[in-house]
Number of protein chains: 4
Amino acid sequence: MKRREVQASVKDEKLVVKRREQMIKGAVALFKQKGFHRTTTREIARASGFSIGTLYEYIRKKEDILYLVVDHMYDQIRERLEKDLELHKGTLESLKLSIAYYFREMAEMQEEVLVMYQEAKSLSKDALPYVLNKEIAMVGMFEEVIRNCVRNGELDLNEKQIKLAAHNLFVQGQMWGFRRWALQKAYTLDEYIESQIELLFQGMQGARTKQETGGER
Amino acid sequence: MKRREVQASVKDEKLVVKRREQMIKGAVALFKQKGFHRTTTREIARASGFSIGTLYEYIRKKEDILYLVVDHMYDQIRERLEKDLELHKGTLESLKLSIAYYFREMAEMQEEVLVMYQEAKSLSKDALPYVLNKEIAMVGMFEEVIRNCVRNGELDLNEKQIKLAAHNLFVQGQMWGFRRWALQKAYTLDEYIESQIELLFQGMQGARTKQETGGER
Amino acid sequence: MKRREVQASVKDEKLVVKRREQMIKGAVALFKQKGFHRTTTREIARASGFSIGTLYEYIRKKEDILYLVVDHMYDQIRERLEKDLELHKGTLESLKLSIAYYFREMAEMQEEVLVMYQEAKSLSKDALPYVLNKEIAMVGMFEEVIRNCVRNGELDLNEKQIKLAAHNLFVQGQMWGFRRWALQKAYTLDEYIESQIELLFQGMQGARTKQETGGER
Amino acid sequence: MKRREVQASVKDEKLVVKRREQMIKGAVALFKQKGFHRTTTREIARASGFSIGTLYEYIRKKEDILYLVVDHMYDQIRERLEKDLELHKGTLESLKLSIAYYFREMAEMQEEVLVMYQEAKSLSKDALPYVLNKEIAMVGMFEEVIRNCVRNGELDLNEKQIKLAAHNLFVQGQMWGFRRWALQKAYTLDEYIESQIELLFQGMQGARTKQETGGER
DNA sequence: CATGAATGAGTATTCATTCAT
DNA sequence: CATGAATGAATACTCATTCAT
């Protein structure tokens, strides 16, 4: 699925890109503070460094800004995720490393993640599929990595479990941000990552099982 | 923390309760469809079966309705969760059962869950703590059950892991709803629950580990 | 064709009628000065004696006001026209009298007529038919009166001529208003009416014809 | 009265004329569709084949375009009217012929006529006199022709009647256009012209009168 | 001369909230 | 207690006009 076009009146493509960068930057800052609905177009224009008239030279409707913002965030996340996963060698150790990297990236982007979680639903039925699609692609990247480990005999999961594990991973990375009111009081980021990875790989095993398992040479 | 008071002009307590029930029922239906921001107070009044004037006899501001609604939803969830967990006998088997029950309840309430996820952030800094508190309490219920298993020697988890596992459980129960656009295409609810529980208890174990573990007598 | 409904949020029918009267009065005054497009809804509200919010309790869109205004004007004209024509006895003399009355009424309403001529086209395709229908009905009233004279042997016109004569009459009555920049400099109203009626009944006859005709005993 | 100057920034007179021709052509097409108010300057620029910036090199304000357009239309009408009337030999027959020609021209230009009727009022108090003046001149052309007939003894009308007859003629020619919603359903253009001329020359005469008149040798 | 990006005053419309009845 | 008419601040979006390139 291609990127959804947001129509601009201005023809100069370079300029459109530049102005939209300004716009996204300004809008993100405001959305972080007050959310999409409570932010006015005039505020966005001001925060972007141009007039309300100019703003509308680069979009058609307020919702276009939200789309641009969310789309941009997904691109950022994807970019980071790609980097995190590309080192991956198909071993458990490298998988754990990738996950830790991803968790850390998401922690850095927690405010963006928050905006996405809370505002994406304000996208029209028209725009929503495009961003969901991006999310599906990202979950797919995790799946691929996990599936790799399974192929290598490092993990033993069926297809349903692989898919679900990928989902869980994706969500847990963002959880640090969207549940920070609880998690960030109880854990440092390092603790969170460590514990999360432990649970992920050991599961909530029975005590004996674990001893025996742990007891292997 | 006590329930936050929403001021009413009407004195008759019985009536207040009754009217608010009507209000919540009407508002929930609307919030499910269009979200809090896109729903007007007039629509809520109409859906509740009384006039806009009357609506304001029982609340002070529109946000009060959101608080009432979200608060009510949390109560509902808590109620169900309590029921799910009270049978619990501290064994792994009963824990798995409780989790399955909870996942099923959350699937039934997925629309409500969606509303909570998407609209709770619209609560003022003033009201938010009250509902977050309820959520913390619910996570605490899970913690307690897990901790019980640990005490019984059924599970071997440290305190950090217990807390986190509780969080994960809580979120995964709601995930079926808030990521339905992806999950409900790939899984039936039963499959989701089964796979989720498998992952939860086995973790993403190494293949050999699992064989050995499984191979115990 | 029934009157087009303009939706009001207010339920009290009496009040709707009263407020719309105020609205029409205020709007007409403004439309006379600056036309529909140059008049803002706020100005109309102020001129009507209530707030912009209240204005919108009684209409849905700005265009509704135009419809209300034009519709009202047509009703006024019709009312007067009915009165002018009802005395009519089917003789040439009484026809001339009716016409003179009508011309005089239109002169009184010239500003309203001007508004109608200039703004009616701003009505949506949706509303236009309703007012055109009223105009057709009024032309029909003239036709009927003329046809009466024909039946009585007072006039000798075929059906096409009757219809056209009715149109001409209708338009000429309004001409005094919509061409006042020319006519009102050259004629008093009495002169206009007198000359117009002469032309209407004699036509631009050949000189000899007229002498002979005039010379009859 | 001289033509009103519309200021241009561009000096090259030839170019000014050419660009304004483009402009008028583009604007007329748009005004026919949507009227002056609903047409934007950008649309006019695009329809004219140049940019908004260029448009403003040849006018000062949007209203200038309307003036240019209306002025041009009057010139067109005048041109045709001159052609229609110049054959005129001062007889009744040739007068009827001229009238028929004029009616036919106006039928061809009905959309332009409509624009003039509906939009001319949007001209500023400043520009209006110039175009009204043109209209007065055209009515004067009709007057002259009629007066000629009177001098030749072909018609017997006093000065007031001459002027009024000229007005009526002028308006009736345009009526086919501005009342087309009624007339064009009931008449073909030929029927309209024929009936209108009959009424014009016979008037709505008494039946006896007509017989007697018709009975002359 | 031509272009088109920038501007911001202006406008219709909505909606939470109040308060007299 | 219940009603619903009144209010006006707030807001998205438009468009004539300017001016630097």
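Sequence lines set the chain letters: A, B, ... in the order given, protein chains first and strands last, and positions in each chain run from 1. Because the structure is a prediction, the values reported are computed rather than measured.
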Check B/Leu55 against B/Thr41 and note the closest heavy-atom contact, atom names and distance.
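Looks like CD2-O, 3.6 Å.
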Kindly say whether [Y] contributes a backbone atom to a donor-acceptor pair with the side chain of [X] at under 3.5 angstrom?
X       : Y        : value
C/Gln22 : C/Ser48  : yes
A/Glu63 : A/Ser124 : yes
C/Arg38 : D/Ser122 : yes
D/Asp64 : D/Arg60  : yes

Which residue, A/Tyr58 or D/Lys11, contacts DNA chain E at a nucleotide closer to its 5' end, judged by nearest heavy atom?
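Its nearest nucleotide lies further toward 5', so the answer is D/Lys11.
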If you assign C/Ile52 and A/Leu15 each to the DNA chain E nucleotide with the nearest heavy atom, which residue ends up on the more 5' nucleotide?
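Closest to the 5' end, via its nearest nucleotide, is A/Leu15.
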Could you list where the contact with chain D starts and ends along DNA chain E, reading 5' to 3', using a 4.0 Å heavy-atom cut-off?
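With heavy atoms of chain D under 4.0 Å away, the range is E/dC1 to E/dA6.
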Nucleotide [N], atom [atom2] - distance to [atom1] of [X] in whole Å:
X       : N      : atom1 : atom2 : result
A/Lys61 : F/dA12 : NZ    : P     : 12 Å
A/Glu63 : F/dC13 : CD    : P     : 10 Å
D/Glu43 : F/dC15 : CD    : P     : 8 Å
D/Arg46 : F/dA16 : CZ    : P     : 12 Å
D/Ile65 : F/dA16 : CD1   : C1'   : 10 Å
A/His37 : F/dA10 : NE2   : P     : 18 Å
A/Ile59 : F/dT11 : CD1   : P     : 16 Å

Determine the contact category for A/Ser9: base if any of its heavy atoms lies under 4.0 Å from a base atom, sugar-phosphate if only primed atoms, P, OP1 or OP2 are that close, otherwise nothing.
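Since only primed, P, OP1 and OP2 atoms lie under 4.0 Å of A/Ser9, the category is sugar-phosphate.
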By the 4.0 Å heavy-atom rule, please label A/Arg19 as base, sugar-phosphate, or nothing.
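Sugar-phosphate, backbone atoms only, no base.
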Restricting to pairs with a member in residues 25-37 of chain B, which pass salt bridge (charged side-chain N to carboxylate O under 4.0 Å, His left out), not counting sequence neighbours?
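Qualifying pairs: B/Lys32-B/Glu112, B/Lys34-B/Glu43.
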Would C/Lys62 count as a cation-pi partner of C/Phe36, with NZ or CZ less than 6.0 Å from the six-membered ring centre and within 45° of the ring normal?
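Yes, C/Lys62 sits over the ring of C/Phe36.
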Which nucleotide in F/dT11, F/dT14, F/dG8 has an atom nearest any side-chain atom of A/Tyr56:
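So the side chain of A/Tyr56 is nearest to F/dT14.
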Go nucleotide by nucleotide along DNA chain F from the 5' end; which of A/Arg42 and C/Phe50 gets its closest nucleotide reached first?
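First, find each residue's nearest nucleotide; the 5'-ward one identifies C/Phe50.
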Name the residue closer to the 5' end of DNA chain F, choosing between B/Asp12 and A/Thr40 according to the nucleotide with the nearest heavy atom.
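Counting from the 5' end, the first nearest nucleotide belongs to B/Asp12.
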Assign the ring pair B/Phe50 / B/Tyr58 to parallel, tilted or perpendicular, where the plane angle (0 to 90°) is split at 30° and 60°.
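It falls in the tilted class, 30° to 60°.
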Dot-bracket for DNA chain E, please. Rules: Watson-Crick or G-U, both distances under 3.5 Å, ( ) within the strand, [ ] when a pair crosses earlier ones, | for another strand, . otherwise.
.||||||||||||||||||||
Are the charged groups of B/Glu119 and A/Lys121 less than 4.0 angstrom apart, N to O?
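The answer is yes: the pair qualifies as a salt bridge.
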